[in-house]
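What follows is a single structure, written as structure tokens, with notes after it.
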Amino acid sequence: DRASFAAIQLLRHPAEQRALNQETRTGQNLDRIGNLITGGLGFALIILFGGGALVRAQQRSERLAQQLAESERLFRAIFEQAGVGVAVIDSLTGRFVRANRKYGEMVGREVEDLLTLTYHDITHPDDIQRDNEQVARLNASAIQNYHVEKRYLRPDGTLVWVDLTAAPLGTPASMAP
């Protein structure tokens, strides 16, 4: 008797993480510059001296921060309330970056515990090589996603069959402006 579950794995591409880190640094640098220039003088003085470009950049930065916060709120709600198990996995290390409650229930683990593991740790040994090959193909942008039936091992030793779809969260091509 084999129980079947649906699961989605989203793989974070290394280029995506670098781009997110750069965007964060850029926003922080802009805020830091704005604070240095405006500190103690106020915006009125800067506007009088042609600081309109800085004000527009600061307003754009604030608008982008608001849009990012809304996007993150929406993603978090969809992620946590999904009716299927969803996990974000670092595609180079296989480590779980994030997982929803449903994914944890499916594999018989607490979400916090999953974040200390890799997908190798919970995958049946006979399915690991196939997973590694597919992840390598995703990292190389040779495929856009993959779908497979595979087995996970629960901590109590039981197997759970899953219908897995894996797709990258971002690729070098999608990160281009």
Side-chain angles (χ1 to χ4, degrees), residues 1-27 64-65 67-177:
D1 186 14
R2 142 177 149 172
S4 181
F5 293 89
I8 299 170
Q9 287 182 186
L10 302 170
L11 303 170
R12 180 181 284 170
H13 195 280
E16 174 196 17
Q17 186 62 49
R18 284 192 299 274
L20 287 172
N21 291 344
Q22 182 60 40
E23 288 173 15
T24 301
R25 281 193 299 274
T26 301
L64 289 173
Q67 290 172 344
L68 178 61
E70 175 60 20
S71 176
E72 287 174 349
R73 185 194 64 71
L74 181 61
F75 171 78
R76 194 174 304 114
I78 292 169
F79 186 87
E80 294 301 330
Q81 296 172 21
V84 297
V86 182
V88 177
I89 296 174
D90 182 309
S91 66
L92 294 179
T93 65
R95 184 155 306 282
F96 286 93
V97 175
R98 184 177 202 155
N100 68 0
R101 182 183 50 78
K102 198 72 160 174
Y103 195 93
E105 289 172 2
M106 179 180 61
V107 297
R109 298 175 186 269
E110 295 294 325
V111 171
E112 296 77 23
D113 294 336
L114 280 171
L115 301 182
T116 67
L117 302 173
T118 68
Y119 72 85
H120 303 109
D121 296 326
I122 67 169
T123 298
H124 188 280
D126 293 342
D127 296 339
I128 290 175
Q129 182 177 351
R130 180 179 52 186
D131 265 354
N132 289 343
E133 291 168 357
Q134 295 293 7
V135 170
R137 293 179 68 209
L138 282 172
N139 281 341
S141 300
I143 57 175
Q144 294 180 2
N145 59 58
Y146 73 91
H147 175 259
V148 66
E149 278 192 16
K150 66 178 275 185
R151 295 162 286 183
Y152 284 131
L153 292 170
R154 290 181 170 158
D156 65 6
T158 60
L159 290 177
V160 59
W161 282 89
V162 297
D163 185 31
L164 177 79
T165 299
L169 280 175
T171 61
S174 70
M175 300 309 294

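When reading the values below, keep in mind they use all heavy atoms of this one structure, side chains included, and skip hydrogens, waters and symmetry mates.
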Study note, to complete from the structure: The side-chain hydrogen bond (donor to acceptor under 3.5 Å, both in side chains) partners of Gln144 (sequence neighbours excluded) come to none
Revision key, fill the gap. Residues passing the side chain to side chain contact (heavy atoms under 4.5 Å, CB included) test with Ile128, sequence neighbours excluded, are His120, Thr123, Asn132
Study note, to complete from the structure: Taken in chain and number order and not counting sequence neighbours, the residues that satisfy side-chain hydrogen bond (donor to acceptor under 3.5 Å, both in side chains) with Thr158 are Asp156
Review point. Can you name the residues that form a side chain to side chain contact (heavy atoms under 4.5 Å, CB included) with Glu70, not counting sequence neighbours?
Key: Arg73
Revision key, fill the gap. Sequence neighbours excluded, the answer for side chain to side chain contact (heavy atoms under 4.5 Å, CB included) partners of Asn145 is Ala167
Exercise for review: Mind checking side-chain hydrogen bond (donor to acceptor under 3.5 Å, both in side chains) for Glu72 and listing every partner two or more places apart, or none if nothing turns up?
Suggested key: none
Point to revise | Over 12 foreign heavy atoms within 6.0 Å of CD, Gln67 | key: yes
Review point. Who are the side-chain hydrogen bond (donor to acceptor under 3.5 Å, both in side chains) partners of Asp113, not counting sequence neighbours?
Key: none
Check your understanding: Is it the case that more than 12 heavy atoms not belonging to Glu80 sit under 6.0 Å from its CD atom?
Key -> yes
Exercise for review: Output all residues satisfying side chain to side chain contact (heavy atoms under 4.5 Å, CB included) with Ile122, sequence neighbours left out; order by chain, then residue number.
Suggested key: Phe96, Tyr103, Val107, Arg109, Leu114, Leu117, Tyr152
Check your understanding: What is the minimum heavy-atom distance between Val111 and Ala99, and which atoms define it?
Key -> CG1-O, 3.3 Å
Check your understanding: Which salt bridge (Lys or Arg N to Asp or Glu O under 4.0 Å) pairs, counting each pair once, include a residue from residues 91-104, with sequence neighbours left out?
Key -> Arg101-Glu105
Check your understanding: Less than 4.5 Å apart, any side-chain heavy atom of Val160 and any of Arg154?
Key -> yes
Exercise for review: Mind checking salt bridge (charged side-chain N to carboxylate O under 4.0 Å, His left out) for Glu112 and listing every partner two or more places apart, or none if nothing turns up?
Suggested key: none
**Study point:** Partners meeting salt bridge (charged side-chain N to carboxylate O under 4.0 Å, His left out) with Arg76 (sequence neighbours left out)
**Key:** none
**Study point:** Residues in salt bridge (charged side-chain N to carboxylate O under 4.0 Å, His left out) contact with Arg130, at least two apart in sequence or another chain
**Key:** Asp127
Check your understanding: Are any of the side-chain heavy atoms of Arg151 and Asp126 separated by less than 4.5 Å?
Key -> yes
